[in-house]
Q: 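Please find one structure pasted underneath; my questions will follow.
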Amino acid sequence: MPIHIGLAGWGDQDRLYKSGTRANEKLGAYANHFPVVEVDSTFYAIQPRERFAKWVGDTPVTLHFVVKAYQGMTGHLRGAGAAAAVAKNGALQDGMFGAFRHMLEPAVAAGRLRAALFQYPPWFDCTRENVQLLREAKRRMEGIPCALEFRHQSWFAPDFRDKTIEFMKKEQWIHSVCDEPQVHPGSVPTVLETTDEEVTIVRMHGRNASGWKQSSASNWRDVRYLYRYNETELTEWAERVRLLEQGSRYVCVIFNNNSGGDAADNAKQLMAMLGQRRPDGGDPLEPKEREQPAAEQLDLFDLNP
């Protein structure tokens, strides 16, 4: 099954789990539904290696990981000025990259890391200096499959689109193809190009154009990803994914439209459109198992004890 469909994160996907499922049991339950997961907690903090080893050890070999790079590695910290200062501090960068690589070792050793995902901020535009930063990041991640996602349209402007794709191929960056609103320079177009023979990633951010522009609002993260793909949109993407499959061995489709709980439903819809089964063999669209009432509740209304 070279097209792997999954979600960004697993902790908040309540529709997948039975009532009472503990936090440390959720990833194992998630693995029954999907063959790939994006680990996004690593963007906010590099996790202990032991925790990552437990995630790998507690899940079946059918589950693979896309792991988001720590924000200090991609220049997200406190805006453009601080990002540039951090990026120029080679010792600090080496330390962050080293800790991140150390964290990934359990997934790498198990052959279950699809990619480390480097998503750069909206102010990371197409300049000579930023091209050099990408080269340095790739050098620090040598031997680890790395995906690259831009958040500034300049990388795919007509004058730079082909050069960006060629650069990614030459530097061995996996392309992270995006579906997101086209509202300002801080969003990128959908570019259906593969740059790596092994993996291509597709990230489905939704199409909430009004919410995408509210980055200054306190609840911007909840608003931005509030979107449910309709059947027509998913059908279009089923064809696009099949096209990308011709250029890479694996295509990982990650649904990030989590704000309204739509990601899991949309992911299962796309799996069904592509004729896929769940990793546990089930139909992706089968309803969630209904829980049986507690025994004492049954006894209360039992007229024939």
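Since the model is a prediction, treat every value here as computed from it, not as a measurement.
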Q: Can you confirm whether Trp155 sits close enough to Met168 that some side-chain heavy atom of one is under 4.5 Å from a side-chain heavy atom of the other?
A: no
Q: With ring centroids as reference points, do Trp237 and Tyr229 lie under 6.0 angstrom apart?
A: no
Q: Report yes if the side chains of Phe34 and Met271 come closer than 4.5 Å at any heavy-atom pair, otherwise no.
A: yes
Q: Between Arg140 and Met96, is there a donor-acceptor pair closer than 3.5 Å when you use the side chain of the first and the backbone of the second?
A: no
Q: So, for Cys178 and Thr190, which heavy atoms are closest and what is the spacing to 0.1 Å?
A: O-OG1, 2.7 Å
Q: Please determine whether a side-chain nitrogen of the Lys or Arg among Lys169 and Glu166 lies less than 4.0 Å from a carboxylate oxygen of the Asp or Glu.
A: yes
Q: Would you check, one step at a time, whether the test side chain to side chain contact (heavy atoms under 4.5 Å, CB included) holds for Leu234 with Glu231?
A: CA-CA 5 Å; Leu234 290 176; Glu231 186 172 358; 5.8 Å; no
Q: Tell me the closest heavy-atom pair linking Arg135 and Glu171, and the distance in Å.
A: NE-OE2, 3.5 Å
Q: Are the side chains of Thr195 and Leu148 in touch, meaning some heavy atoms are under 4.5 Å apart?
A: no
Q: Which residues pass the ring pair (Phe, Tyr, Trp, His ring centres under 6.0 Å) test with Tyr70, not counting sequence neighbours?
A: none
Q: What verdict does the side chain to side chain contact (heavy atoms under 4.5 Å, CB included) test give for Trp55 and Arg51, after you've listed the backbone C-alpha separation in whole Å, the side-chain angles of each residue and the deciding distance to 0.1 Å?
A: CA-CA 6 Å; Trp55 290 340; Arg51 181 175 299 164; 3.7 Å; yes
Q: How far does OG1 of Thr194 sit from CZ of Arg249, to the nearest 0.5 angstrom?
A: 15.0 Å
Q: Nearest heavy-atom pair of Lys138 and Ile144: which atoms, and what distance?
A: NZ-O, 4.3 Å
Q: When you check the side-chain N and O atoms of Asn130 and Tyr120, is any donor under 3.5 Å from an acceptor?
A: no
Q: Would you say Lys268 and Leu16 make side-chain contact, with heavy atoms under 4.5 Å?
A: yes
Q: Are Val131 and Phe118 co-members of a hydrophobic cluster defined by side-chain heavy atoms under 4.5 Å apart?
A: yes
Q: Would you sort out whether His33 and Leu7 count as a side chain to side chain contact (heavy atoms under 4.5 Å, CB included), showing the intermediate values?
A: CA-CA 10 Å; His33 295 269; Leu7 312 178; over 6 Å; no
Q: Nearest 0.5 angstrom please: Asp58 CG to Leu63 CG, how far?
A: 11.5 Å
Q: Name the one of Asp262, Asn266, Asp265 that satisfies side chain to side chain donor-acceptor pair (under 3.5 Å) with Asn257?
A: Asn266
Q: Is the count of non-hydrogen atoms from other residues, nucleotides or ligands lying under 6.0 Å from Glu197 atom CD greater than 12?
A: no
Q: Are the side chain of Ser154 and the backbone N or O of Cys126 linked by a donor-acceptor pair below 3.5 Å?
A: yes
Q: Does the Gln182 side chain pair with the main chain of Val188, one donor and one acceptor, at a distance under 3.5 Å?
A: yes
Q: Assigning hydrophobic clusters by single linkage (Ile, Leu, Val, Met, Phe, Trp, Tyr; side-chain heavy-atom cutoff under 4.5 Å), is Val61 placed with Trp10?
A: no
Q: As an exercise, state the distance from CG of Leu134 to CZ of Phe150, rounded to the nearest 0.5 Å.
A: 5.5 Å
Q: Donor-acceptor pair, Glu233 side chain versus Asn230 backbone, under 3.5 Å?
A: yes
Q: Group every Ile, Leu, Val, Met, Phe, Trp and Tyr by side-chain heavy-atom contacts under 4.5 Å, then state whether Phe160 and Val177 land in the same group.
A: no
Q: Evaluate Met103 against Phe100 for side chain to side chain contact (heavy atoms under 4.5 Å, CB included), listing each step before the verdict.
A: CA-CA 5 Å; Met103 178 198 69; Phe100 186 75; 3.5 Å; yes
Q: Can you name the closest pair of heavy atoms from Arg112 and Pro60 and give their distance?
A: NH2-O, 2.8 Å
Q: What distance do Lys26 atom NZ and Asp14 atom CG have between them, rounded to the nearest 0.5 Å?
A: 5.0 Å
Q: Find the distance between CE (Met204) and CD1 (Ile254) and round it off to the nearest 0.5 Å.
A: 11.0 Å
Q: Give the ring-plane orientation class for Phe156 versus His175, where under 30° counts as parallel, over 60° as perpendicular and anything between as tilted.
A: tilted
Q: Would you say that Gln119 contacts Thr74 through its side chain, given a criterion of any heavy-atom pair below 4.5 Å between the two side chains?
A: no
Q: Specify the closest pair of heavy atoms between Trp123 and Gly75, including all atoms of both residues, with the distance to one decimal.
A: CZ2-O, 3.3 Å
Q: Under 4.0 Å between a side-chain nitrogen and a carboxylate oxygen: does that hold for Arg242 and Glu239?
A: yes
Q: Within the structure provided, determine whether Phe65 and Val37 are in side-chain contact (heavy-atom separation under 4.5 Å).
A: yes
Q: Can you confirm whether Gln172 is buried at CD, in the sense that more than 12 heavy atoms of other residues, nucleotides or ligands lie under 6.0 Å from that atom?
A: no
Q: Does any N or O in the side chain of Asn32 come within less than 3.5 Å of the main-chain N or O of Asp280, such that one atom is a donor and the other an acceptor?
A: no
Q: Can you tell if the side chain of Val191 reaches within under 4.5 Å of the side chain of Thr164, non-hydrogen atoms only?
A: no
Q: Show your reasoning for whether side-chain hydrogen bond (donor to acceptor under 3.5 Å, both in side chains) applies to Asp12 and Asn258.
A: CA-CA 8 Å; Asp12 297 328; Asn258 283 320; over 6 Å; no
Q: Would you say Ile201 and Glu38 make side-chain contact, with heavy atoms under 4.5 Å?
A: no
Q: Looking at CZ of Phe97 and CE of Met141, how far apart are the two atoms once the value is rounded to the nearest 0.5 Å?
A: 7.0 Å
Q: What is the ring orientation for Tyr250 with His4, classed by angle as parallel under 30°, tilted 30 to 60°, or perpendicular over 60°?
A: tilted
Q: Check Thr200 against Ser248 and note the closest heavy-atom contact, atom names and distance.
A: OG1-OG, 2.7 Å
